[in-house]
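Notes follow the structure.
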Amino acid sequence: MLDKTYTPAALEERQYDEWERAGAFASDVASNRAPYTIMMPPPNVTGSLHMGHALTMTLQDVLIRHQRRLGRDALWQPGTDHAGIATQMVVERNLAADGIGRLDLGRPAFVEKVWEWKAESGGRIVDQLRRLGCSPDWPRARFTMDEGLSHAVRRVFVELYRQGLIYRDKRLVNWDPKLHTAISDLEVEPRPVDGKLWHLRYPLADDPRTTLTVATTRPETMLGDTAVAVHPDDPRYAALIGRHVRLPIVDRLIPIVADDYADPEQGSGAVKITPAHDFNDFEVGRRHGLAMINIFDRDARVLVDRFEVHGGDAEAPDRAVPEGFGGLDRYAARTKVVAAFEAAGLLEKIDPHAHTVPHGDRSGVAIEPWLTDQWYCNAAVLAAPAIRAVEEGRTRFVPKTWEKTYFDWMRNIQPWCISRQLWWGHQIPAWYAPGGEVFVAETQAEALAAAEAALGPEVTLRRDEDVLDTWFSSALWPFSTLGWPDETPALTRYYPGDVLVTGFDIIFFWVARMMMMGLHFMGDVPFATVYIHALVRDAQGQKMSKAKGNVIDPLDLVDQYGADALRMTLVSMAAQGRDINISPDRVAGYRNFATKLWNAARYCQMNDCRPVHGFDPASVTAPVNRWIVGEAAALRGTVDQALDGYRFNEAAGGIYQFAWATFCDWYLEFTKPLLADADAGLVAETRATTAWVLDRILELLNPIMPYLTETLWASMGDGEDRGRLIDAVRPTLPDGLGDPAAAAEMDWVVRLVSTIRTVRAEMNVPPSAALTLLVRDGGPETRRRLDAHGPLITRLARLEAIAETAAVPGGAAQAVLDEATLILPLADVIDLARERERLGREIAKVEAEIAKIEAKLANPNFRAKAPDTVVAEQQTRRDGYADIRDRLAAALARVEG
RNA sequence: GGGCGCGUAGCUCAGCGGGAGAGCACUACGUUGACAUCGUAGGGGUCACUGGUUCAAUCCCAGUCGCGCCCACCA
């Protein structure tokens, strides 16, 4: 017997362990059932469960559990991501607390520390996923740095290198001066800054009293200027093109060049060009063969002694660092440059200037465009098939609008900088000979062999110290986790996956790159569908952030209301294309839903409603039972279709509505008189039907609320072992369970009971008072129904008797139901004025409706152009309302007469 | 600058060419043996605004206003 109260915490932990021990989450590579695959986006090992995880994981778990119970061999592939920068930062911070620096340890010892940390605390998020009820195939869990995945990474790197799709290049990167690494464009976030615009005067070389004004937000970079650009069509500067200015402070001659990049509308129309410290200037420099002068070290401090000069076919500029600048931080250098211009009378003005400045998303410091050697991946080549695959529908996005985002980015994709100056990650499999020759190979031995073949024996190789961008290994996740490059049975069976579920924020980081790598190495898309879900926000729609203090911890909600309630909340709110505002009140509401279902199951137990072996829902005869069986069958169709279309909220809403309103509020109330009936056959049928319908609810709700439904499923067996719901393949239902006649009949009963209840409430009839219902003008069908459902109606409407009448006693309340008039004699309690008023209101409502419809019907165009069915439907509605109006009017006349 | 999305009941949101819906909140009544984490009934909306298409617009189109997000740029 179930406990009197539903306490989720008690049952959830026990239930999960039981599932896991029983291997209920396992895929079966040897199965002959059709596979269904979802690749879990591997959370960072440093991560802890937040609302975004809770949503994405719940949705995936719902799909997996749903498909599992449809009989598919479901693989939900779990794992964690090594998260290069994030993890390195966490471990560095821990070490710093003990006063140990990364450099003190040295690379091997540091990496060892990271592995230790991972072993101790890296599994936290995995346990949190268990609490949420997630059912991935845990024994298959992978880590992006484990040996198999590392092998895949090396193989991919080497192959892409040999194909010329990975190469080394010296160009500007987004340099993080705090973390001392390059980061990709995607890891840069623009932040609004209240800056200044300094207008600096550069004297002409051949006429020092004439100056050319340039405006800049970064005066310190003038130390590395190698030109001034003006627009070729700008008449103000036409005469200056080809001449030179003498750069103050460094005393360097630099040319005035004509370039479209200079915008006559901006600033003075003349722009300083610093190719080594600005992405646009870098391009201008290339076009004009300008030298690139790097003025900063890796901390973004001015170099000591000499600047580094690269390229350029102009005469070699002076590379000496001006007196007093060496070693200055970029902001100190800025102050000093401005002071020097001011002292020389070359500072024209300073304007306040609000703009955005790129910052590192991890470090939070301003990014420095910096000239370095890095490894790049030719993303444009890899993107072409990935674009085609989506164009051709081999992978589709749901909702479809995200395809545009994908296309826009893919069609403008930039070379992907894949090297990072970190210690934690996949070290790049490239070795350098003393002469600078590069040997890329999967192992040092192979690299050495290649080097010796090329350079002769006794070569000493030095391995590239950089590691790969974390997303490089993530990009391989859909096949590396299945054993690639080996042709494992799992790889053949589970690739490509069915659906990838993720948030829009990583379409670029991850989805696009999995598409590229999957197509290139597997020759097929990694997944058929990409379902993009919304962001989770707080109750007011604010993005959750630690700074705002509005972060809701999903585990707190689990503690308070249970994992099932949280899951149901998220699924119910997961409408496509809209963010989810979550509030604890909402979760409490779904906890109440769980309680409701719990109590419904208790009711079933108390009334011996047990599942009956061999029960055939098509065989039931009582209209009540035929009706609920049909409704339950229809619900299954609704839920299946909703989930097929990733309309999670519709699936959840449909079950909620059916379970609470249809099943609990109406059907279970109907069963109360039925179960007390003298007809033993009817009692048995009703018990069996009730149990059967509850089973269907549990079955459909199981993917969303696995704990509750599993527990109730077991309890309904009443001691008998029914097996676990999690792996009970759903039984097929007989066709044609819907019975329109029974549905119409029960709908009539519902309307009758509701009508009487409303009248009672409006006439202030005490709930305890049992009334007599008189029915006037009832047709044969009405009479039959009244007779057939007398006990139901009497109980639910709180009547003591039902009778037919032709006359209407004085002091009665009246209402209209179809062709019949319902009369409730209230002799001693009736307030005639109140009844008149009530009927008047009813009539007014109906007349308003009639007026609307008649206006429509009076329109000749409507009759001429609207489909006949629509016209007929409106006429029927009008006639129906008119009948009701007439009967209400007659009722009113009787009250007044 | 380019793109995407959203303005529907007090709040949070579904719906989406022919009858305005849910949950929460609110009001009244209620311990009828599943459930007060509940039941019954009720109040509450010119579906942002303006035009257009249509026999018919909350729904389609255009524009306006407001809000949010993404991308690019910002000397």
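Keep in mind the model is a prediction, meaning the values are calculated, not measured. Just so it is clear: chains get the letters A, B, ... in the order the sequence lines come, proteins before strands, and each one is counted from 1.
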Anything under 3.5 Å between a protein N or O and an N or O of nucleotides 4-10 of chain B, put it in a table, one pair a line.
| unit_1 | atom_1 | unit_2 | atom_2 | d |
| --- | --- | --- | --- | --- |
| B/C6 | O3' | A/R578 | NH1 | 3.3 |
| B/G7 | OP1 | A/R578 | NH1 | 3.3 |

Which part of the nucleic acid does [X] contact within heavy-atom distance under 4.0 Å: base, sugar-phosphate only, or nothing?
| X | result |
| --- | --- |
| A/L197 | sugar-phosphate |
| A/R586 | base |
| A/A262 | base |
| A/C664 | base |

Only pairs with both distances under 3.5 Å count, Watson-Crick or wobble alike; so what is the partner of [N] in this structure?
| N | result |
| --- | --- |
| B/C69 | B/G3 |
| B/G63 | B/C49 |
| B/U12 | B/A22 |
| B/A41 | B/U27 |
| B/U58 | none |
| B/A36 | none |

Matching residue for A/K272 among A/T226, A/D281, A/D278, A/D225 - test: side chain to side chain donor-acceptor pair (under 3.5 Å):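 Considering A/T226, A/D281, A/D278, A/D225, a side chain to side chain donor-acceptor pair (under 3.5 Å) with A/K272 is found only for A/D225.
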A/W402 ring center near A/Y406 ring center (under 6.0 Å):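 No: the rings miss the under 6.0 Å criterion.
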Proximity of A/Y531 and A/F648 rings by center, below 6.0 Å: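 Yes: the rings meet the under 6.0 Å criterion.
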Set out, line by line, the N/O atom pairs under 3.5 Å between protein and nucleotides 37-42 of chain B.
| unit_1 | atom_1 | unit_2 | atom_2 | d |
| --- | --- | --- | --- | --- |
| B/U37 | O4' | A/N592 | OD1 | 3.3 |
| B/U37 | O2 | A/R591 | NE | 2.9 |
| B/U37 | O2 | A/T595 | OG1 | 2.4 |
| B/C38 | OP1 | A/N592 | ND2 | 2.9 |
| B/C38 | O3' | A/K596 | NZ | 3.3 |
| B/G39 | OP1 | A/K596 | NZ | 3.2 |
| B/G39 | OP1 | A/W660 | NE1 | 2.5 |
| B/A41 | O3' | A/T758 | OG1 | 3.4 |

Given [N], is OP1 or OP2 found less than 4.0 Å from the side-chain N or O atoms of [X]?
| X | N | result |
| --- | --- | --- |
| A/K852 | B/A56 | no |
| A/K4 | B/C35 | yes |
| A/Y667 | B/A34 | no |
| A/R877 | B/G19 | yes |

Taking only the side-chain heavy atoms of [X] (C-beta and beyond), determine which of [options] contains the nearest atom.
| X | options | result |
| --- | --- | --- |
| A/Y261 | B/A34, B/C74, B/G19 | B/C74 |
| A/F862 | B/G19, B/C73, B/G18 | B/G18 |
| A/P867 | B/C74, B/G18, B/C70 | B/G18 |

Spatial distance of atom OH (A/Y603) from atom OG1 (A/T690) [nearest 0.5 Å]: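 One gets 7.0 Å once the value is rounded to the nearest 0.5 Å.
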Salt bridge between [X] and [Y], side-chain N to carboxylate O under 4.0 Å?
| X | Y | answer |
| --- | --- | --- |
| A/K845 | A/E849 | no |
| A/R877 | A/D879 | no |
| A/E368 | A/R218 | yes |
| A/K852 | A/E854 | no |
| A/K672 | A/E669 | yes |
| A/D351 | A/K196 | no |
| A/D883 | A/R885 | no |
| A/E220 | A/R330 | no |

Base-contact (B) and sugar-phosphate-only (S) positions in nucleotides 26-32 of chain B, heavy-atom cut-off under 4.0 Å, - elsewhere: ---SS-B
5′-ward residue of the pair A/Y603/A/N861 relative to RNA chain B: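 Taking each residue's closest nucleotide, the earlier one in sequence belongs to A/Y603.
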